[in-house]
Enquirer: 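Here it is, the structure in full.
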Amino acid sequence: MDITEVERDRLAKLEGLKSGGIDPYPPRQQFRELRILAADAVQKVAEWQKELLVPGDEERQKALHQGIPEVVAIMGRVIVRRVMGKASFLQLEDVSGRMQLYARIGEDSLDTSSFERFKDLDLGDFIEARGNLFITRTGEPTLRVNAWNLLSKSISPLPFPKEEKLTDGSVVRHSALADPELRYRQRYADLAVNPEVRQIFVKRAKIVKSLREFLDTHGFLEVETPVLQPIYGGAAARPFTTHHNQLDQDLYLRISFELYLKRLLVGNLERVYEIGRDFRNEGVSFKHNPEFTQLEFYMAYADFTSIMDLTEQMIRHAARQVLPDGVAHFRGHVVDLTQKWQRIPLREAILEFTGLDYTAYPDEETLEDAIRKRGLNANTVRTRGKLIDGLLGDYVEKNLVQPTFLYDYPRDISPLAKSKFGDPSTVERFEGFVGGIEICNAFSELNDPLDQEQRFIEESIGARMGDEEANPLDEDYLRAMRYGMPPCGGFGMGIDRLAMIFTNNDSIREVILFPHLRKDE
RNA sequence: GGGCCGCUAGCUCAACUGGCAGAGCAGUUGACUCUUAAUCAAUUGGUUCGGGGUUCGAGUCCCUGGCGGCUCACCA
């Protein structure tokens, strides 16, 4: 591993500390009992300042400058250094926020040797500092340090930005770590120096928590089903393959949870959900990562319309938990997630944005012909359903900014959904769109084992015709269906995409901690 | 996979039609007892992504490889 000059200097400094009897990575903190979070300290100072009535400016100034007598400790990472001759300022960051430290040579602060070591700290070091809180002349809440310890020495320099506060209160960051490749490959450094990146993942965790909370209170049981599957299915996607050595068995990483979760409904678990990772061996893009987080739930005695209602409630719940006012700002749009969702039949949506009514073209050939005649893009893998899906993706999706459900989908791209009564080419299915991207997919689940078998057979014909995404026939799943599955609605949602919308990020990589990148050589 | 753009100091970026590789920040040294992009003075730091070529001379032009970003196709 190459070592930079800075690293060489820091390693030398480390040796110096050790030979001076200081452990640069001590096992314990001395001030643990006194610890308060930076944000709480700031709060404390603000309250104390408010309580301090105004007996006279001079006295008040003196009291402010002296500070709160109570002794507290702050632990965190050094992110700003402003070192002077006999007085110095550092800024410490912990999980809650930031706190300025002030130290000087003097009875109320540090002795000379402790102060010299304080000045010698580097950006990135972790320390604990004990003292009392006060307000500087410039009004900054500050801890006056009267004792401190190194907690962890930083060897490699982190690229901390400089932050400039403008007169209007906004903050300009100079020389921030911005190269996306570096940020993703060294996410730890990205997180360390870019607090707004940490906030994305705090928000993401809140989203997941709120969804879980919603489902738990609605009688759903959280379950875990196999990631390694002998037969994959439940979505139109190519799988990753792997191998079990001892059993000498080829296995697939799951592309969805669907077939296993529905087996559980056969087993009388009426409401189940799973939040976990799916793996799809497809292209990587701003909205696709090879592994992504999915929520699926299945609910007995429900159909796709009840799932629409529930989806609306669930997203509204998440929005209210995570976003102020439940309003998302995404790609310059203002999206109110507390409002009622629009519900439009797929046919009408495509008609509106392309002028083409696909119900007038009952088969693949006539539909493709009609699409080409209008100068629209025709999907390259041609089945009637895929052509329709293509129109949706190319012309409709980006226009669905406010929360919208499209419903009634073609049967041949929905092999696990129940047919619409009296319309064999259509199934009871909907997809949800927010901010111009699809976020969820749901249907009345097909529970007719004979129909299901027929669909699998159609799929396997598709597979033989070269459709690499066609699902293989799952005998065990059919056996489960033959025992009887209650009528139910099922739902799947990409958590990453929801996180994109909630955090106003255009790229899925921004909301995945360690997104997939090409190998680094 | 295709197209376009990019890769220069630890970080953010300059370097004209090919002509001495630079700045700010970080680092180092010194000054400074309330600073906040602290300031002031001095200073270190480079395989210009790798390999090959053209040329008196290449960060710059050509070929080739790597990685990234955007985009198109496929997909959630």
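These numbers come from the heavy atoms of this one structure, side chains and all, not from hydrogens, waters or symmetry mates. Reminder, nothing fancy here: chain letters follow the sequence lines and each chain counts from 1. What you are looking at is a predicted structure, and each value in this text was computed from that prediction instead of being measured.
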Enquirer: Check this for me, if you would: do A:Lys386 and A:Asp412 make a salt bridge, where the nitrogen-to-carboxylate-oxygen distance has to be below 4.0 angstrom?
Expert: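 Answer for the salt bridge query: no.
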
Enquirer: On the nucleotide B:U33, are OP1 or OP2 found under 4.0 Å from the side-chain N or O atoms that A:Arg104 carries?
Expert: no

Enquirer: What are the two closest non-hydrogen atoms of A:Arg429 and A:Ile413, and how far apart are they?
Expert: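 Taking A:Arg429 first and A:Ile413 second, the nearest heavy atoms are NH1-O, 3.1 Å.
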
Enquirer: Give me the one residue out of A:Leu110, A:Leu101, A:Asp108 that meets side chain to side chain contact (heavy atoms under 4.5 Å, CB included) with A:Arg144.
Expert: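 Only one of A:Leu110, A:Leu101, A:Asp108 forms a side chain to side chain contact (heavy atoms under 4.5 Å, CB included) with A:Arg144, namely A:Asp108.
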
Enquirer: Quick one: does A:Ser96's side chain have a donor or acceptor within less than 3.5 Å of a partner on A:Asp94's backbone?
Expert: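 Answer holds: no.
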
Enquirer: Without decimals, in angstroms, what is the distance between A:Glu140 CD and B:A37 P?
Expert: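 One finds 10 Å between P of B:A37 and CD of A:Glu140, rounded.
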
Enquirer: Quick one: CE on A:Met84 to CZ on A:Arg104, what's the gap to the nearest 0.5 Å?
Expert: 11.0 Å

Enquirer: What string of B, S and - do you get for nucleotides 22-27 of chain B, 5' to 3', when a contact is any protein heavy atom under 4.0 Å?
Expert: --BSSS

Enquirer: Please tell me which of the listed nucleotides, B:U12, B:G68, B:A38, lies nearest to the side chain of A:Leu177?
Expert: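 Given the options B:U12, B:G68, B:A38, the side chain of A:Leu177 is closest to B:U12.
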
Enquirer: Indicate whether OP1 or OP2 belonging to B:G68 is found under 4.0 Å from a side-chain N or O atom of A:Arg183.
Expert: no

Enquirer: What's the CZ-C1' distance between A:Arg144 and B:U35, to the nearest Å?
Expert: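 Value for this atom pair: 14 Å.
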
Enquirer: Taking the six-membered ring for Trp, are the ring centroids of A:Tyr407 and A:Phe430 within less than 6.0 Å of each other?
Expert: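 Ring-ring flag for A:Tyr407/A:Phe430: false, centres at least 6.0 Å apart.
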
Enquirer: Could you give the NZ-to-C1' distance, from A:Lys86 to B:U39, as a whole number of Å?
Expert: 17 Å

Enquirer: Donor-acceptor check, side chain of A:Lys398 to backbone of A:Asp394, threshold 3.5 angstrom: yes or no?
Expert: yes

Enquirer: N/O contacts under 3.5 Å, protein versus nucleotides 4-9 of chain B?
Expert:
none

Enquirer: Grab the NZ-C1' distance between A:Lys165 and B:A37 for me, whole Å please.
Expert: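 It is 11 Å, rounded to the nearest whole Å.
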
Enquirer: Between A:Phe89 and A:Tyr102, is the gap from one ring center to the other below 6.0 Å?
Expert: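 Yes, they do, as the ring centres are separated by less than 6.0 Å.
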
